[in-house]
Chemist: 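Dropping the structure in here first, questions after.
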Number of protein chains: 2
Amino acid sequence: MFSIKIHNCSDELRNADLKATPARLGVLAVLEHTDKPLDVQSITSSLHRLGVMMDRVTLFRILNTLTQKSILKPIQFNEGKLRYEYAAKPEHHHFVCEKCGQIEDIEDCNVGSLIKNISSKKGVLVKRHSLEFFGLCADCQD
Amino acid sequence: MFSIKIHNCSDELRNADLKATPARLGVLAVLEHTDKPLDVQSITSSLHRLGVMMDRVTLFRILNTLTQKSILKPIQFNEGKLRYEYAAKPEHHHFVCEKCGQIEDIEDCNVGSLIKNISSKKGVLVKRHSLEFFGLCADCQD
DNA sequence: ATGGTTGCAAACACTTTGCACATGA
DNA sequence: TCATGTGCAAAGTGTTTGCAACCAT
């Protein structure tokens with residue numbers, strides 16, 4: 001019998017020196033099953049649907065912890081709040097429709113060469129960057 | 001007698017159908033004399049130095065109004081708050097040192113061609129974008 | 001058993017809203 | 001004069017902190 005398990009959340013947590021608690025497993029489960037960055041509210045709703053309850057504060061703490069361990073990546077869309085995504089996703093950026101809120105992944109932005117330029121020109125060390133696009137999606141342009 | 005005035009804030013306001021009040025003139029004066037995007041706190045301090053007092057709420061309202069009129073542009077550095085810059089500045093991006101907080105302008109990022117690609121590939125209409133870099137500045141790398 | 005985790009209450013930072021008064025055009 | 005702008009009080013949203021109880025290992 002073949003059980004192909006790409007990715008085990010309990011192990012992922014323990015590898016990061018974190019205890020595999022139901023709350024943390026719930027958060028990882030939610031973010032594993034979506035391809036768009038989620039804010040705290042959406043994560044909470046999804047957790048409810050999964051039957052995983054936890055305090056708001058606990059959720060914030062989990063998100064911070066997982067971010068520090070580089071398991072999650074925070075993203076901002078100029079909304080005044082953070083969204084989170086699995087950090088393991090290959091590099092990509094986002095397009096956000098300002099009308100309907102839809103989010104599309106954008107690949108192939110080749111920021112790497114930009115960063116190389118900046119590093120050599122300015123002598124800085126670039127560790128992270130944000131690149132997001134905003135406008136109207138195909139459906140909202142009429 | 002030659003008076004070379006590149007830019008008159010009162011006129012700029014009236015052209016946007018806004019009354020030229022001391023509070024608004026103060027905010028524009030502050031942002032005119034800095035080249036880095038400022039947050040509400042820094043703007044408030046600068047206003048104090050100029051002797052221009054106003055309620056925190058008024059400042060937020062002014063910043064929102066000027067943003068709507070495209071006189072200012074809001075920018076976010078993953079700090080959980082907004083910064084503001086004159087919108088008239090030619091397109092540029094920023095490098096933020098995560099250690100000392102220093103901000104450097106980054107030019108020549110040529111996001112235009114990226115946007116062209118995205119538009120044709122996805123059929124979306126890109127109206128704005130954010131592109132910021134984070135890491136260690138030349139002085140903070142030791 | 002014990003140190004990392006969680007819940008609860010409270011606080012904090014940033015920003016917005018409502019309404020009465022004030023002021024620039 | 002009168003629509004627009006401002007101050008004050010209050011509230012809203014997103015997030016953090018302190019501390020005692022709890023539970024994964």
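Letters A, B, ... mirror the listed sequences (proteins, then strands); counts begin at 1.
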Chemist: Between the opening five pairs and the closing five pairs of the helix from C:dA1-D:dT25 to C:dA25-D:dT1, how far apart are the helix axes, to 10°?
Modeler: 40°
Chemist: Would you say NZ of B:Lys116 has more than 12 non-hydrogen atoms from neighbouring residues, nucleotides or ligands within 6.0 angstrom?
Modeler: no
Chemist: Considering only NZ, NE, NH1 and NH2 on the basic side and carboxylate oxygens on the acidic side, decide whether A:Lys89 and A:Asp35 come within less than 4.0 Å.
Modeler: no
Chemist: Under the criterion side-chain contact (heavy atoms from CB on, under 4.5 Å), I'd like the reasoning laid out for A:Val96 against A:Glu79: C-alpha separation, chi angles, the key distance, then a yes or no.
Modeler: CA-CA 11 Å; A:Val96 184; A:Glu79 302 166 298; over 6 Å; no
Chemist: Enumerate the residues from residues 71-81 of chain A whose closest heavy atom to DNA chain D is under 4.0 Å, giving them by residue number; use none for an empty result.
Modeler: A:Gly80, A:Lys81
Chemist: In this structure, how many angstroms lie between the P atom of C:dA9 and the CZ atom of A:Arg61, rounded?
Modeler: 14 Å
Chemist: May I have the step-by-step check of side-chain contact (heavy atoms from CB on, under 4.5 Å) for B:Val111 and A:Phe133, ending in yes or no?
Modeler: CA-CA 10 Å; B:Val111 186; A:Phe133 302 91; 3.9 Å; yes
Chemist: Would a single hydrophobic cluster contain both B:Val27 and B:Leu38, if residues Ile, Leu, Val, Met, Phe, Trp and Tyr are joined by side-chain heavy-atom contacts under 4.5 Å?
Modeler: yes
Chemist: So, for A:His129 and B:His93, is the gap between ring centers shorter than 6.0 Å?
Modeler: no
Chemist: What's the spacing between A:Asp55 CG and A:Phe60 CZ if we round to 0.5 Å?
Modeler: 10.5 Å
Chemist: Please list, chain by chain and in numerical order, all residues satisfying ring pair (Phe, Tyr, Trp, His ring centres under 6.0 Å) with A:His94, sequence neighbours excluded.
Modeler: A:Phe77, A:His92
Chemist: Provide the start and end nucleotides, 5' to 3', of the part of DNA chain D that has atoms under 4.0 Å from heavy atoms of chain B.
Modeler: D:dA3 to D:dA9
Chemist: Does the side-chain contact (heavy atoms from CB on, under 4.5 Å) test come out yes or no for B:Ile103 and B:Phe95, once each step is laid out?
Modeler: CA-CA 6 Å; B:Ile103 300 168; B:Phe95 170 85; over 6 Å; no
Chemist: Choose from C:dT6, C:dT16, C:dA9 the nucleotide whose nearest atom is closest to any side-chain atom of B:Asn64.
Modeler: C:dT16
Chemist: So, for A:Ala23 and A:Val52, which heavy atoms are closest and what is the spacing to 0.1 Å?
Modeler: CA-CG1, 4.5 Å
Chemist: Let me check something: do B:Leu13 and B:Leu50 share a hydrophobic cluster, defined by ILVMFWY side-chain heavy atoms less than 4.5 Å apart, either directly or through other members?
Modeler: yes
Chemist: Between A:Arg128 and B:Glu98 (salt bridge meaning N to carboxylate O under 4.0 Å), is one present in this structure?
Modeler: yes
Chemist: Should the pair A:Asp139-A:Lys99 be classified as a salt bridge under the 4.0 Å nitrogen-to-oxygen rule?
Modeler: no
Chemist: Atom OH of B:Tyr84 to atom P of C:dC14: distance rounded to whole Å?
Modeler: 12 Å
Chemist: Judged by each residue's nearest nucleotide on DNA chain C, which is more toward the 5′ side, A:Thr65 or A:Val57?
Modeler: A:Thr65
Chemist: Might you point out which heavy atoms bring A:Arg83 and A:Asp39 nearest each other, and give the distance in Å?
Modeler: CG-N, 3.8 Å
Chemist: Using whole Å, what does the distance between atom P of nucleotide C:dT6 and atom CZ of A:Phe60 come to?
Modeler: 15 Å
Chemist: Answer with yes or no whether the hydrophobic clustering places A:Leu136 together with B:Val124; edges join I, L, V, M, F, W, Y residues whose side-chain heavy atoms lie under 4.5 Å apart.
Modeler: no
Chemist: Hey, which sits more toward the 5' end of DNA chain C by its nearest nucleotide, A:Arg24 or B:Leu82?
Modeler: A:Arg24
Chemist: Hey, any chance B:Val30 and B:Leu59 share a hydrophobic cluster, counting ILVMFWY side chains that come within less than 4.5 Å of each other, even indirectly?
Modeler: yes
Chemist: Could you state the atom-to-atom distance from CD1 of A:Ile62 to C1' of C:dG4 in whole Å?
Modeler: 12 Å
Chemist: Just checking B:Arg56: base, sugar-phosphate only, or nothing, at a heavy-atom cut-off of under 4.0 Å?
Modeler: base
Chemist: Walk along nucleotides 20-25 of chain C from 5' to 3' and tag each nucleotide B, S or - by protein heavy-atom contact under 4.0 Å, base first, then sugar-phosphate.
Modeler: ----BS
Chemist: Counting only heavy atoms and a strict 4.0 angstrom limit, can you tell me which residues of residues 41-55 of chain B come near DNA chain D?
Modeler: B:Met54, B:Asp55
